[in-house]
Amino acid sequence: MNDYEIDPDLGQEFASPDETYETPPDHRSGFVALVGRPNVGKSTLMNALMRQRIAAVSARPQTTRTRQLGIITAPDYQIVFQDTPGIIQQPRHKLDEFMLATALETLEDADIVLWLVDLSENPGRIERDIAGKLAELPESTRVLIALNKVDLVDTADVLSQTEGYTSLLPRAEWLHLSALTNEGIDLLLQKLVDNLPEGPRYYPVEQTTDVFMRDIAAEFIRAQIMAHMEDEIPYGTAVVVREFKERPNGVTYIGADVYVERANHKSMVIGSGGSQLKQIGAAARKDLEELVGGKVYLDLWVKVEPNWRRNEHLLKQFGYQQPTEK
């Protein structure tokens, strides 16, 4: 299993960055878009590549809703990963439209597209659609197919499963890996570095993401809701951190509102005597204490906002703006 240390400066902006090393004349840099259908392990892979947990992960599809950067800086290169929502075929509401637009727009700015697929399953219609979109990218955009979950495939089936995916996009390089066990991660990183164009350092040496800790905290809380709740309820929840501050006693206070679409969903998230919310809070607090490197007091409130996933105003209020609107 992966074991990460958390950088306490996640998402911090630096007015005067302390450059740890000079940028050499042959420095390589570029943006790597992580794309694929929901639940293939994109966020797990980015955490593995970053060697720290910055992206929320759960077993549920569509845990990732927004684009998040993960920045690796070395003396001779800088890779800017862009974790994206899973690509779907039929958006059901405004939130789905936002997630699909976010994922597709990321392709336009990428120097390298890292297409992550689940080797333990056969390619389907969505993979063929994604391959079609990637085939339309300019030749200057390198595409690498990362065949994930190789640890779940019988040795006798690896070749046929591999050919099922690589035949969809013959021009792309490919490799096997397991984001969960770290198998193939070092080779993947080297392949990405080898394919980077020469370019400047886009972010300060110390910066590892563009997302502030309060926003990462909101995603960690939502990931625990995804893990603990069943059926449609997790997909109709949004989490907004209203307060994030360290108190004089060293404890970080995090106050967050959990929004659901129906009153009966609110009662289910809270549970009998608050039991369900306590379980969610306890699991989330463990992740948050790892994030901040200390004790956390987590204060959760559940509120109802009917049909918020179809309400453009509420989507913006909850942080889901179309990419072109930012």
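Just so you know, residue 1 is the first one in the sequence shown, and it goes up from there.
- Remark: side-chain polar atoms of Thr106 are not paired, donor with acceptor, to backbone N or O of Ala33 under 3.5 angstrom.
- When hydrophobic clusters are built by joining Ile, Leu, Val, Met, Phe, Trp and Tyr residues whose side-chain heavy atoms come closer than 4.5 Å, directly or via intermediates, Val302 is grouped together with Val304.
- Counting only heavy atoms from C-beta outward, the side chains of Asp111 and Leu196 never approach each other to under 4.5 Å.
- Considering only residues two or more places apart in sequence or on other chains, Phe31 meets the ring-ring contact (aromatic ring centres under 6.0 Å, His included) condition with Tyr202.
- For residues 157-180, the set of pairs meeting the salt bridge (Lys or Arg N to Asp or Glu O under 4.0 Å) definition, not counting sequence neighbours, comprises Arg142-Glu173, Glu173-Lys191.
- Contact between Trp115 and Ala131 at its shortest, heavy atoms only, is CH2-CB, 3.8 Å.
- Under the rule for a salt bridge (charged side-chain N to carboxylate O under 4.0 Å, His left out), the partners of Glu127 that lie at least two apart in sequence or sit in another chain are Arg37.
- Taking CD1 of Ile145 as the reference point, atom CG of Leu168 lies at 7.5 Å (rounded to 0.5 Å).
- At a threshold of 4.5 Å between non-hydrogen side-chain atoms, the residues Phe81 and Leu192 count as touching.
- For Leu69 against Gln82, the heavy-atom pair with the smallest separation is CD2-CG, 3.4 Å.
- Applying the side chain to side chain donor-acceptor pair (under 3.5 Å) rule to Asp257 yields the partners Arg242, Lys303; only residues at least two apart in sequence or on another chain are considered.
- The side chain to side chain donor-acceptor pair (under 3.5 Å) search around Asp129 returns Gln89, not counting sequence neighbours.
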Verify side-chain contact (heavy atoms from CB on, under 4.5 Å) between Glu183 and Leu177, making sure each step is shown before the conclusion.
CA-CA 5 Å; Glu183 179 181 350; Leu177 60 84; 5.8 Å; no

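- In this structure, NZ in Lys295 is found 15.0 Å from CZ in Arg247, a value given to the nearest 0.5 Å.
- Listed by chain and residue number, His176 satisfy the ring-ring contact (aromatic ring centres under 6.0 Å, His included) test with Trp174 (two or more places apart in sequence, or in another chain).
- Atom CZ of Arg214 has more than 12 neighbouring heavy atoms from other residues, nucleotides or ligands inside a 6.0 Å radius.
- The hydrophobic clustering, which links ILVMFWY residues whose side-chain heavy atoms are closer than 4.5 Å, places Val158 and Val117 together.
- In terms of heavy atoms, Pro75 sits closest to Arg201 at O-NH2, 3.8 Å.
- When all heavy atoms of Val35 and Lys42 are compared, the pair lying nearest together is C-CD, 3.5 Å.
- Salt bridge annotation for Lys133-Glu136: absent, with no cationic side-chain nitrogen under 4.0 angstrom from a carboxylate oxygen.
- For the atom pair Leu188 CG and Leu114 CG, the distance stands at 5.5 Å (nearest 0.5 Å).
- Evaluation of the side-chain contact (heavy atoms from CB on, under 4.5 Å) rule for Asn122 yields Gln161 as partners, not counting sequence neighbours.
- Using a 4.5 Å heavy-atom cutoff, the side chains of Leu291 and Ile216 are in contact.
- With His265 contributing its side chain and Glu261 its backbone, the two residues share no donor-acceptor pair below 3.5 Å.
- Judged purely by atom type and a 3.5 angstrom limit, Asn249 uses its side chain to pair as donor or acceptor with the backbone of Val251.
- Considering CG of Leu137 and CD of Glu108, their distance stands at 9.5 Å, rounded to 0.5 Å.
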Worked verdict on Thr84 versus Leu107 for side-chain contact (heavy atoms from CB on, under 4.5 Å)
CA-CA 10 Å; Thr84 64; Leu107 297 176; over 6 Å; no

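- Contact check for Met50 versus Thr208: side-chain heavy atoms found under the 4.5 Å cut-off.
- Between Glu198 and Arg28 no salt bridge is recorded (no basic side-chain N to carboxylate O distance below 4.0 Å).
- Checked against salt bridge (charged side-chain N to carboxylate O under 4.0 Å, His left out), Asp215 has no partners two or more places apart in sequence or in another chain.
- Between the side chain of Ser29 and the backbone N or O of Pro200, at least one donor-acceptor pair lies under 3.5 Å.
- Considering every non-hydrogen atom in both Leu175 and Gly184, the closest pair reads CD1-O, 4.1 Å.
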Ile270 vs Lys266, test: side-chain contact (heavy atoms from CB on, under 4.5 Å). Steps then yes/no.
CA-CA 6 Å; Ile270 293 173; Lys266 175 179 178 178; 3.9 Å; yes

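- Leu187 and Met46 fall within the same hydrophobic cluster, where Ile, Leu, Val, Met, Phe, Trp and Tyr residues are linked whenever their side-chain heavy atoms come under 4.5 Å apart, directly or through other members.
- Within the 4.5 Å cutoff, no side-chain heavy atoms of Leu144 are placed close to those of Asn195.
- When side chains are defined from C-beta on, Arg309 does not count as touching Asn307, because their heavy atoms never get closer than 4.5 Å.
- For Lys286, there are no side-chain contact (heavy atoms from CB on, under 4.5 Å) partners at least two apart in sequence or on another chain.
- Tyr165 places a side-chain N or O within donor-acceptor distance of the main-chain N or O of Asp118, the cut-off being under 3.5 Å.
- Contact between Ile221 and Ala256 at its shortest, heavy atoms only, is CD1-CB, 3.9 Å.
- The shortest side-chain heavy-atom distance between Glu289 and Thr252 does not fall under the 4.5 Å cut-off.
- The closest side-chain donor-acceptor pair between Asp83 and Ser43 falls under 3.5 angstrom.
- Checked against a 6.0 Å centroid threshold, the rings of Tyr259 and Trp308 do not count as neighbours.
- You'll find the side chain of Ile225 reaches within 4.5 Å of the side chain of Val258, heavy atoms only.
- Applying the salt bridge (charged side-chain N to carboxylate O under 4.0 Å, His left out) rule to Asp186 yields the partners Arg51; only residues at least two apart in sequence or on another chain are considered.
- The distance from atom CG of Asp299 to atom CD1 of Ile254, rounded to the nearest 0.5 Å, is 10.5 Å.
- Listed by chain and residue number, nothing satisfies the side chain to side chain donor-acceptor pair (under 3.5 Å) test with Tyr297 (two or more places apart in sequence, or in another chain).
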Could you walk me through whether Asn148 and Leu45 pass the side-chain contact (heavy atoms from CB on, under 4.5 Å) check?
CA-CA 9 Å; Asn148 192 28; Leu45 177 58; 5.9 Å; no

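- No single ILVMFWY cluster, assembled from side-chain heavy atoms under 4.5 Å apart, contains both Val40 and Leu152.
- Scanning for side chain to side chain donor-acceptor pair (under 3.5 Å) contacts around Glu305 gives an empty result, with sequence neighbours left out.
- In this structure, Ser178 OG and Ile185 CD1 are separated by 7.5 Å, a value rounded to the nearest 0.5 Å.
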